Peer 1: 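Pasting a structure below so you can have a look.
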Amino acid sequence: MCTSQLSDLNYRPALHRRPIFRQCHPTSVFLTPPKNTKTKTLKSPKKFKIYQSLVDKQSPVKNPTVDMNKLVEFLYEDLPHLFDDQGINRTAYDDYVKFRDPITKHDSIDGYLFNIAMLKQLFRPNFQLHWAKQTGPYEITTRWTMVMKFILLPWKPELVFTGTSVMGVNPKTNKFNSHVDYWDSIQNNDYFSLEGLFEIIKQLRIYKTPDLETPSYQILRRAAAYEVRKYDPFIVVETEGDNLAGNRGFNDVAGYIFGKNATTEKIPMTTPVFTQAFDAENSKVSIQIVLPSDKSLSSLPAPSKEGISLRKTEGGIAAAIKFSGKPTDDVVREKEKQLRSSLIRDGLKPRSGCMLARYNDPGRTWKFIMRNEVLIWLEDFKLD
């Protein structure tokens with residue numbers, strides 16, 4: 001998976017609010033649901049079962065000395081090492097730290113580290129921390145993306161999870177003593193979640209992605225039916241098309257990269273081929289081939305055929321829905337309708353128009369493993 005930096009979203013929020021202390025046992029963690037989030041899984045009342053199982057509300061802690069700001073800063077430094085050779089600092093955790101996600105649970109630091117080591121060996125995870133902030137007197141919430149490849153299967157399927165982790169702090173030891181994960185893509189985040197298991201199985205299916213350069217993007221959120229991605233800027237060679245699933249103009253833009261340009265320069269092939277509709281009626285359609293990232297508009301040869309142009313796409317935030325099979329115009333329109341409906345339902349702001357991304361040569365790829373995507377650019381997306 002291509003990723004990009006997210007400097008504008010990886011912020012460190014100010015933590016100057018005065019905490020409100022509630023009653024809890026001195027050796028247990030106080031957990032409250034993360035505030036101000038639009039993710040449905042975080043609003044589900046089922047999650048409180050997990051909280052109640054980890055919390056014993058008795059006498060309040062007197063004169064707490066936990067420096068929560070310092071622990072937030074520590075997580076920014078420590079969590080990016082979750083799956084690399086350095087690893088996380090185990091001395092920051094109680095011996096009996098409680099870990100829960102929808103399909104896994106451990107009650108000790110050794111079990112917690114074993115789970116990390118197992119994921120590292122089987123999936124080669126790429127973990128990205130988006131933010132960390134205090135959400136309770138003894139609670140810190142983090143938001144993350146994890147992209148994994150299951151190396152035991154021949155086609156090495158890519159599994160993507162995004163979500164939040166609620167980390168509890170023991171006020172007597174100033175160490176973390178609980179870690180509860182919530183996935184964005186499922187409703188039932190209790191352990192053991194059959195929905196979570198089916199989510200993993202669903203992602204093991206085969207999609208054929210050619211070993212070619214693709215536009216660089218980072219996955220910000222994976223919902224049940226779509227992904228939200230942040231794309232870096234990229235350059236396309238384009239010409240007028242006929243409809244979203246059509247091929248009119250493809251030979252012209254392909255000819256440009258095969259040497260039919262002002263300097264007869266051959267340019268490496270990339271994937272996918274985009275077809276973009278700029279309005280809701282699909283009255284104007286452009287077929288595009290993405291050019292390699294090491295190229296610039298000034299370094300590229302001019303097109304030698306009329307009607308072909310070069311353009312820099314500024315990137316931004318897009319939602320994508322993936323599907324296999326032959327992308328006929330009816331199928332693409334239905335996928336666009338489904339995606340737009342899901343985005344509006346989830347409170348996001350889709351722009352007009354859409355893009356079809358076709359990754360495979362239809363003459364050389366079985367239909368059931370073809371990778372196609374419909375993308376819609378978003379307005380005002382915030383990673384809460």
Side-chain angles (χ1 to χ4, degrees), residues 19 22 24-25 27-57 66 68 71-72 74-76 78-79 82-83 88-90 92-116 118-119 125 127-146 148 161-171 173-197 199-200 221-222 383-384:
R22 304 183 186 178
C24 61
H25 192 275
T27 60
S28 66
V29 57
F30 182 87
L31 295 174
T32 58
K35 299 178 180 178
N36 299 325
T37 178
K38 298 179 181 178
T39 306
K40 290 191 173 183
T41 52
L42 295 183
K43 295 181 180 179
S44 172
K46 294 182 179 180
K47 70 180 293 183
F48 290 100
K49 297 178 182 178
I50 304 176
Y51 287 121
Q52 292 168 356
S53 69
L54 299 179
V55 176
D56 179 17
K57 297 182 179 179
V66 180
M68 297 297 289
L71 288 176
V72 168
F74 168 80
L75 290 176
Y76 272 111
D78 193 61
L79 285 181
L82 194 63
F83 295 105
I88 59 172
N89 184 352
R90 68 172 292 159
Y93 297 81
D94 278 348
D95 288 340
Y96 295 101
V97 61
K98 294 180 179 291
F99 172 80
R100 300 287 188 276
D101 71 17
I103 63 168
T104 311
K105 71 173 181 176
H106 297 283
D107 294 320
S108 69
I109 184 60
D110 290 331
Y112 181 48
L113 294 176
F114 170 79
N115 185 67
I116 292 172
M118 180 183 65
L119 291 175
F127 178 84
Q128 301 161 343
L129 176 66
H130 298 303
W131 52 251
K133 58 186 176 183
Q134 183 179 356
T135 49
Y138 306 116
E139 171 190 292
I140 295 172
T141 298
T142 66
R143 173 159 279 283
W144 44 265
T145 293
M146 189 160 64
M148 309 186 295
F161 297 92
T162 68
T164 55
S165 297
V166 180
M167 304 184 67
V169 179
N170 184 341
T173 64
N174 290 7
K175 296 182 178 182
F176 297 106
N177 67 349
S178 69
H179 178 146
V180 183
D181 282 354
Y182 301 94
W183 299 350
D184 294 330
S185 55
I186 62 175
Q187 294 290 329
N188 179 16
N189 275 276
D190 291 346
Y191 175 84
F192 180 82
S193 171
L194 287 176
E195 185 184 3
L197 177 61
E199 171 66 16
I200 292 175
R221 175 171 290 154
R222 184 179 183 278
L383 190 60
D384 294 325

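Each residue takes its place number in the sequence, starting with 1. Quick caveat: nothing in here was measured; it's all calculated off a predicted structure.
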Peer 1: Could you tell me if the side chain of S108 sits less than 4.5 Å from the side chain of V97, heavy atoms only?
Peer 2: no

Peer 1: So, do D190 and P102 sit near enough that their side-chain heavy atoms are less than 4.5 Å apart?
Peer 2: no

Peer 1: Strictly below 4.0 Å, N to O, side chains only: are R90 and D110 in salt-bridge contact?
Peer 2: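 The answer is yes: the pair qualifies as a salt bridge.
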
Peer 1: Between D94 and N170, does any side-chain donor sit less than 3.5 Å from a side-chain acceptor?
Peer 2: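 Yes, side-chain donor-acceptor contact under 3.5 Å.
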
Peer 1: Could you check whether any side-chain heavy atom of N89 comes within less than 4.5 Å of a side-chain heavy atom of F74, counting everything from C-beta outward?
Peer 2: yes

Peer 1: In plain terms, say whether D184 and R221 are close enough for a salt bridge, that is, a side-chain N and a carboxylate O under 4.0 Å apart.
Peer 2: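 Here D184 pairs with R221 in a salt bridge, since their nearest N and O are under 4.0 Å apart.
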
Peer 1: So which atom in E199 and which in F161 form the shortest heavy-atom distance, rounded to 0.1 Å?
Peer 2: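 Looking at all heavy atoms of both residues, the closest pair is CG-CE2, 4.0 Å.
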
Peer 1: Less than 4.0 angstrom from a charged side-chain N to a carboxylate O is my criterion; do K105 and D181 meet it?
Peer 2: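 The answer is no: the pair does not qualify as a salt bridge.
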
Peer 1: Which pair of non-hydrogen atoms, one from W183 and one from I200, has the smallest distance, and what is that distance?
Peer 2: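 Taking W183 first and I200 second, the nearest heavy atoms are CH2-CD1, 4.2 Å.
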
Peer 1: If every non-hydrogen atom of G196 is compared with every non-hydrogen atom of I103, which pair is closest and at what distance?
Peer 2: C-CG2, 4.0 Å

Peer 1: Before giving the answer on side-chain contact (heavy atoms from CB on, under 4.5 Å), spell out for Q187 and E195 the whole-Å C-alpha distance, their side-chain angles and the decisive distance to 0.1 Å.
Peer 2: CA-CA 8 Å; Q187 294 290 329; E195 185 184 3; 3.8 Å; yes

Peer 1: Is any side-chain heavy atom of M148 less than 4.5 Å from a side-chain heavy atom of F127?
Peer 2: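 Result no, sub-4.5 Å side-chain heavy-atom pair not found.
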
Peer 1: Heavy atoms, side chains only, cut-off 4.5 Å: are W131 and T141 in contact?
Peer 2: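 Sidechains of T141 and W131: in contact.
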
Peer 1: Among residues at least two apart in sequence or on other chains, which ones pass salt bridge (charged side-chain N to carboxylate O under 4.0 Å, His left out) with D95?
Peer 2: none

Peer 1: Going by the ring pair (Phe, Tyr, Trp, His ring centres under 6.0 Å) test, name the single residue among F99, F176, Y96 that passes it with Y112.
Peer 2: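 Only one option passes, and that is F99.
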
Peer 1: With side-chain contact (heavy atoms from CB on, under 4.5 Å) as the criterion, how do R100 and D107 come out once you've worked through the C-alpha distance, each side chain's angles and the decisive distance to 0.1 Å?
Peer 2: CA-CA 9 Å; R100 300 287 188 276; D107 294 320; 3.0 Å; yes

Peer 1: Look up atom CG in N115 and atom NE2 in H106, then write down how far apart they are to the nearest 0.5 Å.
Peer 2: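 Those atoms lie 4.0 Å apart.
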
Peer 1: Could you pull out the closest heavy-atom pair between N189 and Y182, with the gap in Å?
Peer 2: OD1-CA, 3.3 Å

Peer 1: Do the side-chain N and O atoms of S165 and W144 include a donor-acceptor pair separated by under 3.5 angstrom?
Peer 2: yes

Peer 1: Roughly how far, to the nearest 0.5 Å, is the CG atom of L113 from the CE atom of M118?
Peer 2: 12.5 Å

Peer 1: Would you check if T142 and Y76 make a side-chain contact, meaning some heavy-atom pair closer than 4.5 Å?
Peer 2: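 Result no, sub-4.5 Å side-chain heavy-atom pair not found.
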
Peer 1: How long is the span from the CG atom in L129 to the CG atom in L82, to the nearest 0.5 Å?
Peer 2: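 Between atom CG of L129 and atom CG of L82 there are 10.0 Å.
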
Peer 1: Is it the case that the side chain of R143 and the backbone of D384 share a donor-acceptor pair, with hydrogens and angles ignored and the cut-off at 3.5 Å?
Peer 2: yes

Peer 1: Do you know which two heavy atoms are closest between L71 and N174, and how far apart they sit?
Peer 2: CD2-O, 4.1 Å

Peer 1: Does V169 reach the side chain of E139, with side-chain heavy atoms less than 4.5 Å apart?
Peer 2: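 Counting from C-beta outward, V169 and E139 never come under 4.5 Å.
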
Peer 1: Is the CZ atom of F192 crowded by more than 12 outside heavy atoms at less than 6.0 Å?
Peer 2: yes

Peer 1: Would you say S193's side chain and N188's backbone share a donor-acceptor pair under 3.5 angstrom?
Peer 2: yes

Peer 1: Could you state the interatomic distance from CE (M68) to CD (Q134), rounded to the nearest 0.5 Å?
Peer 2: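 It comes to 4.5 Å.
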
Peer 1: According to ring pair (Phe, Tyr, Trp, His ring centres under 6.0 Å), who are the partners of F83, at least two apart in sequence or on a separate chain?
Peer 2: none

Peer 1: Any side-chain heavy-atom pair from L75 and I140 closer than 4.5 angstrom?
Peer 2: yes

